[in-house]
Structure formats: C-alpha cells, structure tokens
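Here is how names work: the chains are called A, B, and so on, in the same order as the sequence lines, proteins then strands, and each is numbered from 1.
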Number of protein chains: 2
Amino acid sequence: MLSVREHVLTPTATLAVDVVVFTLRPDTVERAWQVLLVPRPDPWSISRRALPGVLVDEDETFDEAARRALLVKTGIDARDWYLEQLATFGSPTRDSRGRVASISHIALIQSDNIKIHPVETDSPAEWCPVTAIPWSDLAFDHAAILREAINRVRGKVRYAWVLFQLLPPIFTMSDLRAAYAAIRDPSVLNMSTSNVRKLFRRLIDDQALVAVGKRAEARGRGRPGDLFRFDGPLTGTWDRELPW
Amino acid sequence: MLSVREHVLTPTATLAVDVVVFTLRPDTVERAWQVLLVPRPDPWSISRRALPGVLVDEDETFDEAARRALLVKTGIDARDWYLEQLATFGSPTRDSRGRVASISHIALIQSDNIKIHPVETDSPAEWCPVTAIPWSDLAFDHAAILREAINRVRGKVRYAWVLFQLLPPIFTMSDLRAAYAAIRDPSVLNMSTSNVRKLFRRLIDDQALVAVGKRAEARGRGRPGDLFRFDGPLTGTWDRELPW
DNA sequence: ACAAAAGTGTTTCTCATACACCCATGT
DNA sequence: ACATGGGTGTATGAGAAACACTTTTGT
C-alpha cells in the first residue's frame, strides 16, 4: 500500500460524505418508500437537487461526518439512526473543483422521528418517493449513488432486519407486510394473512417479535390487527432469506 | 454536500486502494481458500505483511488503481479479473503520515492465472490460507479490511455466482462443491452427490451450466466426474439463496 | 346486514434431505 | 476383488403457497 519511505504525505483529494436517508411514510404502496433530497437554490447550477452531505473534517470519522451532515441539513439529531457505509464514488472527473471522493452512506429512519428544520440553509430538505425521483435533476453523480443505495436496500430487506429500522416501535403484521411491499414487491399484498403470519412465526418463537397484547386502533374498515414489538438486535438477519 | 460557493477545493487527504485478492488453490479444504499478502521487509516496521495497494494517481479511477496495484505488486495483468469495491477505511488516526482513505477492493481470480513476479519490490507476494492469516502481523487496519472481505465473500457465495469466478473454465461438480466447502462450510462434503446435482439442476436447465460431454481425468481413486462449463453472466445471482 | 380487514386451521405442492443402488477408476 | 468416488433414481419430511372459515371493525 503506502510507500513507507515517506514520512509525510501530501494531500491530493478532498473527502466528502453523502447520505441516502430512507424512510417509510403514510402513502400509497408505490409512494410509501421515500428518500431525503436537499434543494439547491443556486441559480447557476443546472441540477437542483442533491443528497445531504458535507466535507469531512480533519479529525472526524466518516460516521461522524455523515451524522453531522444530517444534523446540518435537516436539523435533527441523528445519533441513534441506523447508518451504514454504501460505497465510495471518486471518479477523477466527478467534480470540477478538484478530486473529491464521496463516501456515501445509507441511513434508515422512522419518519415520525423527524421534523425537518435545517440549520445551515434556508431551503428545507424534502421527502421524495423512490418511484418519483427526479433522476436527471440530481447533482454530481448522486443518481448513481441513489441507484446503488436502492439496490442495496432492496436486496438487504430479504435477509436482514431493515424493516424494523423503518417501522415504528409498535406495529401490526399489516404494517410489516406493507413495508416489505413498498420496498421490494407489492405482490405480497395479495398473500393471505395466514401465510404472512407463518413466515414470522419463527421470529415470534425466538422472542424477536413480541405480541404487545393489544389491538391497533381501527383504521377505516376492517378488524384492526394485533400489535407487535420488535425486540431483537436491529442489525440481525433472518435464518433464511425471505421467500418472497 | 459540497459547499457550492468555492470554486476550488484544497485537498486534505490522500487516496489509496488496497486489494484483497482471493483464490482457490489445491490444498486441504481448510487451506484451499487463500488470500494474497505482500511482505514488508522494512526492519523498522512492526507489522510485516500487508495487502497489495497503491496510492491513487491524479487521473485514475479506483478500479484502475486497484488493477495497477496488482500489476505492480504481483506483476500480472489484472485487466479481466473480477474486481469489486468493498468499503472505505479512513479513520483519522489510521496512518501517522496524514489522513489517508483506503478504498478497499475484493478481487477474485483463478490461481492458474497467476505467476507472481513482482515489479516494484524484490519480495514477492505470497498466498496465505484464510484460516492461517497472521492477524496480528498485518499493517495499518488491514486486519479489519480482511475481516470484512472474508465476511462479504462468505455471504455472497450463497446468492451470487462468485464460485465461478474462482473455478477454472472447466470443472466438475466435485470441484464446485469443494469450492463452496472451502469458503463457506466443509459439511457440504458430507452431502450426497445426488443432492448436489439437484441444486444445480436449475442452472443446467437455464443453460448457465453446460455439460462439456467429457469426463475429467482420473484423480487418484474413484470414477472421475463429468466436466461442466459455466456459460452465464459472471455477475449473476442464484434464483434463491443456496440452502447450505 | 354487509363489506373489508384480520386471525385460525387444513390441504396441497414444491423442494431439500435421506437413502438405496449402479458405474467407473486405482490398488 | 474391492475400496473409493461419481451418477441415477426414489422416498421422506419441512415449509411455502392455496384455500376455507371465523372474528372484528365501519358503513
């Protein structure tokens, strides 16, 4: 790796972090899964939206920088959110102002937890359904970052417990199913409730899913579902990949 | 992300790439899966082994830098090898000479394809079984990189076609099984040949696995296996995760 | 009363594992 | 001849999907 002769290295690049913040919001199945985009009011720039991001400070880890980016751009304390490194984008030509490597991250949050009130800019960040992303309107290579982030989450939802990162602390089986439908495949909504429950039975047996013992409040028609609480490690995985 | 006022950015970091090169070599199941390590002959450095890596040139992509690292450290043209970005390690304290971000990569190769004759250094790189890695003897945070690389490949082998990257162009079912055993779980060697074939039946039906029509040459005792050729996209995935 | 959503139980079918048997090679 | 490894076929069992039926809500 590094040539060991030199005792000091002359910096040649700038480090940045960009964060793809995902959430689930009450909306149609197609629009429920949403991502946080920051408007760029600069009149001279062609692209008018970007992912929240900052330059990495001298003595800052990437994780710290990513959480600071969210604090600065949305005004919310991101200390406890799930955050994972996605990939690093650093094509020599991606930024005209010099070589910038963007260490992109994925954050998963419960939308209840956010009230967006930006600190640094006057234009607040906005939620955007992943099915309605203005691809051609994104700054830098943020379209590529976003595409990879979406693929990563879509893949991970089948074997890791990402759903529980996005759902509120208490939820019903329908919520769980709807979350999966929004991210991965709406056709699971056709599945019978019976079969859905059977798939989560092992989680219940393992005490990872705990029945709260109460019913949800009625939401329009139909019988309200039983409430559950997730009580497992949020970074855990399913025994086997979900069959859907 | 970047503050758009500035028109030039002052570099604050150095970019490096490190590559975890995996291969399969003829050895016991426990030792078949191996990784490439570069000796560091410097007498004053405590750690005496490292991953192959270089500093990223000004007008170079990470992919290009990674392949160059292999060329320089092992003397082999890595143009066609499978290469994937793993993660970026850039703790502010990882290198005493300044802030260095290492964009680590994973490379998968067929060991037949390599003759190691290093260009830059006089000490040639060496293969090391992943079960016998000198963890405490690795430079920088290369132990952490290696750990993540191993986990990534171990996980990916169940749903992606990484095995076919590591196997020679023509192979038998036993080779396939042995490859999986070396990376993931030796207990598959106890499985009956019948069941192994059934798991690959879908691949054969889909023309991704093609029977060459010949037998392998005898290797010691027992009937030699039928030969197969892989004829699918190397970046493809299994329909469902392998059950093992 | 009825439609809509949720919960329970049973049936069916797919597929992974287990097992029994045949084939080809080296000693 | 026989031990060893590879190939073919069938049986068994777990689990996913399909289906029938009951329970709870709003209109």
Next item on the list: Report yes or no: does Gln165(B) contribute a side-chain atom to a donor-acceptor pair with the main-chain N or O of Leu234(B) at less than 3.5 Å?
Entry: yes
Notebook entry, point to check: Can you find a donor-acceptor pair, distance only, under 3.5 Å between Ser194(A) side chain and dG9(C) base?
Noted result: yes
Item checked: 5′-ward residue of the pair Thr193(B)/Arg215(A) relative to DNA chain D -> Thr193(B)
Note to self: Applying a 4.0 Å non-hydrogen cut-off, can you work out what Arg201(B) is touching in the nucleic acid: base, sugar-phosphate, or nothing?
What the structure shows: nothing
Check: Looking only at N and O atoms, is any donor in the side chain of Asn195(B) or the base of dA18(C) less than 3.5 Å from an acceptor on the other one?
Finding: yes
Next item on the list: Look at Arg223(B) and dC22(C) and indicate whether a side-chain polar atom (N or O) is within less than 4.0 Å of OP1 or OP2.
Entry: no
Next item on the list: Quickly work out the Asp239(A) CG to dA14(D) C1' distance and round it to whole Å.
Entry: 14 Å
Notebook entry, point to check: How long is the line joining NZ of Lys198(A) and C1' of dC13(C), in whole Å?
Noted result: 13 Å
Next item on the list: Write down the distance between CG (Leu176(B)) and P (dG5(D)), rounded to a whole number of angstrom.
Entry: 18 Å
Note to self: Just the rounded figure in Å: distance from C1' of dA16(C) to CZ of Arg158(B).
What the structure shows: 13 Å
Margin query: For a 4.5 angstrom cut-off between non-hydrogen side-chain atoms, does Val162(B) reach Tyr82(B)?
Written below: no
Notebook entry, point to check: Counting any heavy atom closer than 4.0 Å, what does Thr172(B) reach on the DNA or RNA strands: base, sugar-phosphate only, or nothing?
Noted result: nothing
Checklist line | Whichever of Pro243(B) and Arg221(B) has its nearest DNA chain C nucleotide further upstream toward 5' | finding: Pro243(B)
Check: Is the His142(B) ring parallel, tilted or perpendicular to the Phe140(B) ring (thresholds 30°, 60°)?
Finding: tilted
Check: 5'-most contact on DNA chain D: Gly222(A) or Gly222(B), nearest heavy atom basis?
Finding: Gly222(B)
Item checked: Arg240(B) CZ to dC15(C) C1', straight-line distance once rounded to whole Å -> 8 Å
Next item on the list: Examine dC15(C): is either OP1 or OP2 under 4.0 Å from a nitrogen or oxygen in the side chain of Arg202(B)? Give yes or no.
Entry: yes
Item checked: Between dA17(D) (P) and Phe200(A) (CZ): distance, integer Å -> 12 Å
Next item on the list: Nearest whole angstrom, please: distance from the P of dA16(C) to the CH2 of Trp238(B).
Entry: 12 Å
Margin query: Starting the side chain at C-beta, find the nucleotide from dG7(D), dT17(C), dT25(D) nearest to Trp244(B).
Written below: dT17(C)
Item checked: Student check: side-chain heavy atoms of Leu176(A) and Phe200(A) closer than 4.5 Å -> yes
Checklist line | Sugar-phosphate, base or nothing in reach of Arg197(B), heavy atoms under 4.0 Å | finding: sugar-phosphate
Notebook entry, point to check: Quick one: Glu241(A) CD to dG15(D) P, roughly how many Å, whole number?
Noted result: 17 Å
Item checked: From Leu199(A) atom CG to Arg177(A) atom CZ, the distance as rounded to the nearest 0.5 Å -> 10.5 Å
